[in-house]
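Numbering of ligands and ligand atoms starts at 1, following listing order.
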Amino acid sequence: MTRYSSLGLAVAVATLSTATAVSSAQAAEWNLATPYGDASFHTENTKQFAEDVREATDGELDITVHSGGSLISHGEIKPSVRRGTVQAGEIFMSILSNESPVFELDTLPGLAGSYDEAWELWQASKPVIEELFAEQGMKPLYAVPWPSQGIYTDFELNDPAQFEGLRVRAPNINTQRLTENLGGLPTETEESDIPTAFSTGRVDAMITSVSTGESMAAWDYVSHFSDANLWIPKNIIFVNQKAFDRLDEATQQALMEAATEAEERGWEASKADMEGSAQALEENGITIGEPNEAVAGALSEAGDKLFQDWESRADDRAKALIEDYRANTE
Ligand code: PCA
């Protein structure tokens, strides 16, 4: 309603001032689809980004964030932005693993184990990721990490044999592969489907962050979190290039500046959430501990296998990115 009334106002003003009418007529309304719910720090950050853009452009670019997969399901977000059905989207980047080994980089064990390393890895991989998106008529705006990934179980995980036959909920391909390497049975499940997966007995365990554990009330289904620091995966926020090109230069610039701020804010929010969520898990009765030697050994072996598997599939460009990253972090 507001939209139409402000448009009506713009038309009225047009008789008085052509300049106002021209700028209002150009105002763009975008939709941004994300699979993650309002309880996620990612969604909070994305909503703040939309607000910042609205403010910086005096409403010339009005982005509505549709959270929790309410507009489009996770797997359809990128194809929809590519087609231009929606102008912008946010996804868990590693769900694109089957498109290029480059999209697996932030779900490889032993590569980036801290936020600083994860940042360097993002810097090293960004140019190629931008190219891959550009080939499909899209433009990445920014990326924000989840806290590192660990393992939730309804028992104390202290023996690698416990993985045998364990049905583990996994958010992406490499988590599934790792689970298989450990002898478990992976099931790919969207974050929002986690409660149902547990309550219907489809899974016994899950691999994810403390953040998702908190937003999905992990204490309703499991008792332990093994802080295995497997990897630090990211969400990526991107737009349809044609929609971007239709914006005037000042609006484009405002958008990119807000994106830079959203990236900085998001990385800090992730760090803060890692602490806050761990505390919330403990307050709700989850026991958090690090893997013992035997479990750590099994994880490291399963991780090595995953890495070798990646190397056998990766092209030279992807391998070169790892070398660049290693050179920068040495
Ligand atoms: N939460 C999301 C992606 C990674 C994470 O920590 C999930 O588990 O689906």
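The hydrophobic cluster around Leu166 extends to Ile151, Phe155, Leu157, Phe163, Val168, Leu178, Leu182, Ile207, Leu230, Trp231, Val295, Leu299, Leu306, counting ILVMFWY residues whose side-chain heavy atoms fall within less than 4.5 Å of a member.
For atom 6 (O) of ligand 1, the closest non-hydrogen atom on the protein side is Ser209 OG, 2.6 Å. Shortest contact from atom 1 (N) of ligand 1 to any protein heavy atom: Thr212 OG1, 2.6 Å. Nearest protein heavy-atom neighbour of atom 8 (O) of ligand 1: Thr208 OG1, 2.6 Å.
Applying the side-chain contact (heavy atoms from CB on, under 4.5 Å) test to Ser270 and every residue at least two apart in sequence or in another chain returns Phe41, Tyr115, Pro145, Pro147.
Considering backbone and side-chain atoms together, Glu190 places no N or O closer than 3.5 Å to any N or O of ligand 1. Residue Trp146 has no N or O atom closer than 3.5 Å to an N or O atom of ligand 1.
Using modelled atom types and a 3.5 Å distance limit, the side chains of His74 and Glu190 yield a donor-acceptor pair. Checking Asp52 against Gln48 by side-chain atom types alone, a donor-acceptor pair falls below 3.5 Å.
Ring pair Phe133/Phe103 is perpendicular by interplanar angle, where above 60° counts as perpendicular and below 30° as parallel.
Within the 4.0 Å heavy-atom criterion, neither part of His74 lies near ligand 1. The side chain of Pro171, and not its backbone, has at least one atom closer than 4.0 Å to an atom of ligand 1 (non-hydrogen atoms only; side chain from C-beta on). Contacts of Gln149 with ligand 1, taken as heavy-atom pairs under 4.0 Å, involve the side chain alone.
Between Glu188 and Arg169 there is no salt bridge, since no side-chain nitrogen of the basic residue lies less than 4.0 Å from a carboxylate oxygen of the acidic one.
Assignment of Arg169 to the shell around ligand 1 is supported, since a heavy atom sits closer than 4.0 Å.
Contact detail for Asn240 and Met138: the closest heavy-atom pair is CA-CG, 4.4 Å.
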